[in-house]
There are 2 protein chains.
Amino acid sequence: MRRDARLSRMLHVLIHMDRHDGPATSEVIARMLATNPVVVRRTMAGLRDQGFVRSEKGHGGGWTLARDLREITLLDVYRAVGRPPVFVLGPAIDHPGCLVEQAVNAAVDGALAEAEALLLARFGAVTLADLARDFDRRFAEAKGRRPPAAG
Amino acid sequence: MRRDARLSRMLHVLIHMDRHDGPATSEVIARMLATNPVVVRRTMAGLRDQGFVRSEKGHGGGWTLARDLREITLLDVYRAVGRPPVFVLGPAIDHPGCLVEQAVNAAVDGALAEAEALLLARFGAVTLADLARDFDRRFAEAKGRRPPAAG
DNA sequence: AGCTTTCGTAACCAGGGAAGTTGCGAGGGA
DNA sequence: TCCCTCGCAACTTCCCTGGTTACGAAAGCT
Ligand code: FES
Ligand code: FES
């Protein structure tokens, strides 16, 4: 339980939902992600609030995509799951009057900010449709080399 | 997850040590960092093992710089404190046979790897001497504008 | 109406990692 | 010898994500 897996999980489930007809229940999604329904609802709440998915109660209810995968970027999902902190590394203390600390923070935070900007730019440039396409490619490739006994 | 402050802390203390004549005890360093001596020794152990600082026991003992600040980069210090994980974000599960998961991981990990490479490159390009110089600049600047009442 | 399904949410526990704390031992100078 | 200072192990504390339980609300089915 160390790394924040919410982004990856939501990407995974969104792609599955695209290939899935009709609503998927939290229960079904939970089984796909090897977790449990409450965690699914908790995490998907952000996506719902941002309008990427819809949820419906009662018989035949569950989760459905509200947008085309082409209109959802990794960055959108990252934001929808609450923009979790990107880095583990951080400043020691906010030592206001300490000039050494200021110089250190300026250097570290500067590098961190650059790396974060790059990361988010990459996230913003990839849509879920791209991931789905990559999945298709892998799928076709896996079928192509039909393992006779051991994959 | 709480932020790992070891890198920033060690940068801070190394610059201080450069401006400090004679050994600095863990006690003194702990006061500078607003922490306690055991944490200082624990964190500095890595720097000592990598040969960036030396420690000596007994009267007049303490920590001394073993290298010029120009020969120490942020990357060196990052490595010396144990190369803590850079990112909080991580993959959901290693789902070997799951192609969706593979596609997701490829995209996320790829972006993460790029960002990490950039970050470490930046760290590698900055020496402690650069930080010290930045500190000097800030110091001179602060003296220059002598705030009469409010900065 | 009543039952069942499914989401919504609060409340709590579990696990992991950094930091903080305590205690004792080792080494070196006065 | 005595005191200072590091070395290190063990324990506690704190925060955060994930897992679990419990109950309520909405919506369909009979
Ligand atoms: S559960 Fe991930 S590919 Fe189906
Ligand atoms: S404690 Fe002196 S500048 Fe940081």
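Heavy atoms only: backbone and side chains are in, while hydrogens, waters and symmetry mates are out. The shown structure was predicted, so the numbers you read here are calculated from the model rather than taken from an experiment.
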Polar pairs (N or O, both sides) under 3.5 Å between protein and nucleotides 21-30 of chain D?
from    : atom 1 : to       : atom 2 : distance (Å)
dA26(D) : O4'    : Lys57(A) : NZ     : 3.4

Check your understanding: Taking OP1 and OP2 of dT5(D), is either one under 4.0 Å from a side-chain nitrogen or oxygen of Thr25(B)?
Key ->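 No.
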
Check your understanding: For dC6(D), does either OP1 or OP2 sit under 4.0 Å from a side-chain N or O belonging to Ser26(B)?
Key ->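 The answer is yes; a side-chain N or O of Ser26(B) sits under 4.0 Å from OP1 or OP2.
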
Check your understanding: Side chain of Ser55(A): nearest nucleotide among dG20(C), dG7(D), dC7(C)?
Key ->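 Between dG20(C), dG7(D), dC7(C), the one nearest the side chain of Ser55(A) would be dC7(C).
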
Check your understanding: Quick one: which of dG8(C), dG20(C), dG18(D) gets closest to the side chain of Arg9(A)?
Key ->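 Within the option list, the nearest is dG18(D).
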
Rounded to whole Å, how long is the line connecting atom [atom1] of [X] with atom [atom2] of [N]?
| X | N | atom1 | atom2 | result |
| --- | --- | --- | --- | --- |
| Arg54(A) | dG8(C) | CZ | C1' | 18 Å |
| Leu7(A) | dT17(D) | CG | P | 13 Å |
| Met17(A) | dC7(C) | CE | P | 11 Å |
| Arg3(B) | dA18(C) | CZ | C1' | 13 Å |
| Asp49(B) | dC8(D) | CG | C1' | 13 Å |
| Met44(A) | dT6(C) | CE | C1' | 13 Å |
| Glu27(B) | dT21(C) | CD | P | 12 Å |
| Arg31(B) | dT5(D) | CZ | C1' | 14 Å |

Practice item. Group every Ile, Leu, Val, Met, Phe, Trp and Tyr by side-chain heavy-atom contacts under 4.5 Å, then state whether Val39(A) and Val88(B) land in the same group. Key: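 In one cluster with Val39(A): Val88(B), no.
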
Practice item. To the nearest 0.5 Å, tell me how far Tyr78(A) OH sits from Leu11(A) CG. Key: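 Taking OH in Tyr78(A) and CG in Leu11(A), the distance rounds to 13.0 Å.
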
Point to revise | Minimum heavy-atom distance Asp76(B)-Glu71(B), with the two atoms named | key: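 That would be OD2-O, 3.7 Å.
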
Point to revise | Closest heavy-atom pair and its distance - Arg70(A), Thr127(A) | key: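 That would be O-CG2, 3.6 Å.
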
Review point. Using a cut-off of 4.0 Å on non-hydrogen atoms, how would the nucleic acid contact of Arg48(A) be classed: base, sugar-phosphate, or nothing?
Key: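 If one applies the 4.0 Å heavy-atom cut-off, Arg48(A) turns out to touch the sugar-phosphate alone, with no base involved.
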
Check your understanding: Does the pair Arg19(A)/Asp136(A) count as a salt bridge with the N-to-O cut at 4.0 Å?
Key ->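 Here Arg19(A) pairs with Asp136(A) in a salt bridge, since their nearest N and O are under 4.0 Å apart.
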
Review point. How would you list all residue pairs meeting side-chain hydrogen bond (donor to acceptor under 3.5 Å, both in side chains) that involve residues 40-54 of chain A, not counting sequence neighbours?
Key: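 Listed by first then second residue: Ser26(A)-Arg41(A).
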
Check your understanding: Is the base of dG19(D) touched by the side chain of Arg42(A) through a donor-acceptor pair closer than 3.5 angstrom?
Key ->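 Such a pair is found, so the answer is yes.
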
**Study point:** All ring pair (Phe, Tyr, Trp, His ring centres under 6.0 Å) counterparts of Phe123(B), not counting sequence neighbours
**Key:**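 In terms of ring pair (Phe, Tyr, Trp, His ring centres under 6.0 Å), with neighbours along the sequence ignored, Phe123(B) is linked to no residue.
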
